[in-house]
Amino acid sequence: MTIVVLTIVIASTILINFLRKEEIKRVDILVTALKFQQEISPSLDLQELILTINASNNTIPFIVTDKNKEPILELGFYRNIPEDIIKNPKDLRSLMASMEKKYKPIELKIANGNKQFVYYDNSKLLNYLQYSPYLLGLFLLSYFLFSFWFFRTIKKTDEGYLWAGLAKETAHQIGTPLSSMIGWMEIMKLDDPESEGIHEIEKDIDRLKTISERFSKIGSVPELNDKDFNATIQENYDYLKTRISRKINFGLHLPNYTISVPHNKILMSWVIENLVKNAVDAMKGEGSLSISVIERNKNIIVEVQDTGSGMMKQQALNAFKPGYSTKKRGWGLGLSLARRVVQEYHNGDIRIAQTEVGKGTTFRITIKK
């Protein structure tokens, strides 16, 4: 397709140049005929030939002027110019100026040392054809842009199906041993229902249930039934605080009033957990980490800030791409799925607000109220 369009553009340009040269040749013949027409006593045969040449020109506009460049408005001294322009001196002058910009008037030497000037222009057909390369170029550009958009969309769709399928399969695989663990937990409770260890394991089993639900929701449209955004963040913080290194100064900053935002608690918790775990990895188990929730205009902003290793520019640009990871272990799915949850399911935005190598990174989630 691209080769065909390029061929048409080149062929059109060659054709236009050929037609222009042919019209210039016709103008030269017309000028020669005009010169012979004003010779003293031309023969009848010559007069007939001159009239035939003039009559054959039904496309190229021209007008003859005297030596002072005043138009000669006699029959045979102009052709293919609308009568309303001929009758309006101002419009006629404007047309002649336009002709002169395109082609230098041809000087016509006649009898008695006198001279005239012939103003001319392209035919309407040639003027229209001159725009065809630009139109074809515009078409070619549109074609390339559409092709780029189409293939990019297809690629993103394929990636989406791949990750969604992988997530659902993971949820299915987790479900089997999880059911078994729940059964064994009930048996252990019969021996010692108040055991602290059993309660902690029970919490982790509940967490595994949540993780399974998260994966099962990827690829389907989740319901945004939860309202209290502060409660979701607080619950996530409380769980994560007990499971990260005590060498990390982990803080939470929430507004002192309720923020009501429709969201899916399970998926939004997953996003926060992914960002926190990435921050912990970047700090190598030691540093400062904070989660802040801010209400700004009609948006709710969540910032996860760490004092970790930070990222280089190229790493920051690729951070949300599926399969990209700076770790030796990991599939590079966490941030990609987090972006999907925020952008596609919550109509929000997630990005790296600030990062500097050796100083840390700030991730920012923005959700409309």
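Quick caveat: nothing in here was measured; it's all calculated off a predicted structure.
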Say whether [X] and [Y] are linked into one hydrophobic cluster, either directly or through other cluster members, by side-chain heavy-atom distances under 4.5 angstrom.
| X | Y | result |
| --- | --- | --- |
| I106 | Y103 | yes |
| L252 | I367 | yes |
| V118 | L95 | no |
| W270 | I244 | yes |
| V304 | I294 | no |

Around atom NZ of K67, are there more than 12 heavy atoms of other residues, nucleotides or ligands at under 6.0 Å? no

Would you indicate whether D84, at its atom CG, is surrounded by more than 12 heavy atoms from other residues, nucleotides or ligands within a distance under 6.0 Å? yes

In Å, rounded to the nearest 0.5 Å, how long is the span from [atom1] of [X] to [atom2] of [Y]?
| X | Y | atom1 | atom2 | answer |
| --- | --- | --- | --- | --- |
| K104 | E100 | NZ | CD | 9.5 Å |
| I259 | T232 | CD1 | OG1 | 11.0 Å |
| I86 | L73 | CD1 | CG | 5.5 Å |
| K247 | N249 | NZ | CG | 14.5 Å |
| M283 | T361 | CE | OG1 | 10.0 Å |
| Q343 | I365 | CD | CD1 | 11.0 Å |

Can you name the ring-ring contact (aromatic ring centres under 6.0 Å, His included) partners of Y237, sequence neighbours left out? F250

Applying ring-ring contact (aromatic ring centres under 6.0 Å, His included) to Y78 and not counting sequence neighbours gives none

What residues form a side-chain hydrogen bond (donor to acceptor under 3.5 Å, both in side chains) with [X], not counting sequence neighbours?
| X | answer |
| --- | --- |
| N230 | none |
| N114 | none |
| Q234 | D238 |
| R243 | D204, Y239 |

Write down the atom of [X], the atom of [Y], and the distance for their closest heavy-atom approach.
| X | Y | result |
| --- | --- | --- |
| D121 | K102 | OD1-CD, 3.2 Å |
| T355 | A316 | CG2-CB, 4.3 Å |
| L335 | L275 | CD2-CD2, 3.6 Å |
| M311 | A319 | SD-CB, 4.4 Å |
| M99 | Y120 | CB-O, 3.5 Å |

Listed partners of P89 passing side-chain contact (heavy atoms from CB on, under 4.5 Å), at least two apart: none

Identify, with sequence neighbours excluded, every residue that meets side-chain contact (heavy atoms from CB on, under 4.5 Å) alongside S309. A282

Among pairs that include at least one residue of [range], which meet salt bridge (charged side-chain N to carboxylate O under 4.0 Å, His left out), considering only residues two or more places apart or in two chains?
| range | result |
| --- | --- |
| residues 303-315 | E303-R364 |
| residues 346-360 | D349-R351, E356-K359 |
| residues 253-265 | E235-K265 |

Using a 4.5 Å cut-off on heavy atoms from C-beta on, say whether the side chain of [Y] contacts that of [X].
| X | Y | value |
| --- | --- | --- |
| Y119 | T65 | yes |
| I272 | I291 | yes |
| I63 | F77 | no |
| I352 | T362 | no |
| Y345 | H263 | no |
| K227 | P262 | yes |

Could you go step by step and tell me if I300 and F229 meet the side-chain contact (heavy atoms from CB on, under 4.5 Å) rule? CA-CA 9 Å; I300 301 301; F229 198 73; 3.9 Å; yes

In plain terms, say whether R246 and E286 are close enough for a salt bridge, that is, a side-chain N and a carboxylate O under 4.0 Å apart. no

For the pair K277 and E273, find out whether any cationic side-chain nitrogen is under 4.0 Å from an anionic carboxylate oxygen. yes

Partners of E344 by salt bridge (charged side-chain N to carboxylate O under 4.0 Å, His left out), sequence neighbours excluded? R340

Sidechain-backbone polar pair: [X] side chain, [Y] backbone, donor-acceptor under 3.5 Å:
| X | Y | value |
| --- | --- | --- |
| S245 | G285 | yes |
| N236 | S269 | yes |
| H346 | T366 | no |
| N68 | E70 | no |

Taking atom types as modelled, find out whether [X] and [Y] have a side-chain donor-acceptor pair closer than 3.5 angstrom.
| X | Y | value |
| --- | --- | --- |
| S290 | H253 | no |
| N318 | K321 | yes |
| T59 | S123 | no |

Which one of I81, L92, D66 satisfies the side chain to side chain contact (heavy atoms under 4.5 Å, CB included) criterion with P71? L92

Parallel, tilted or perpendicular: which one describes the rings of F320 and F363, with boundaries at 30° and 60°? perpendicular

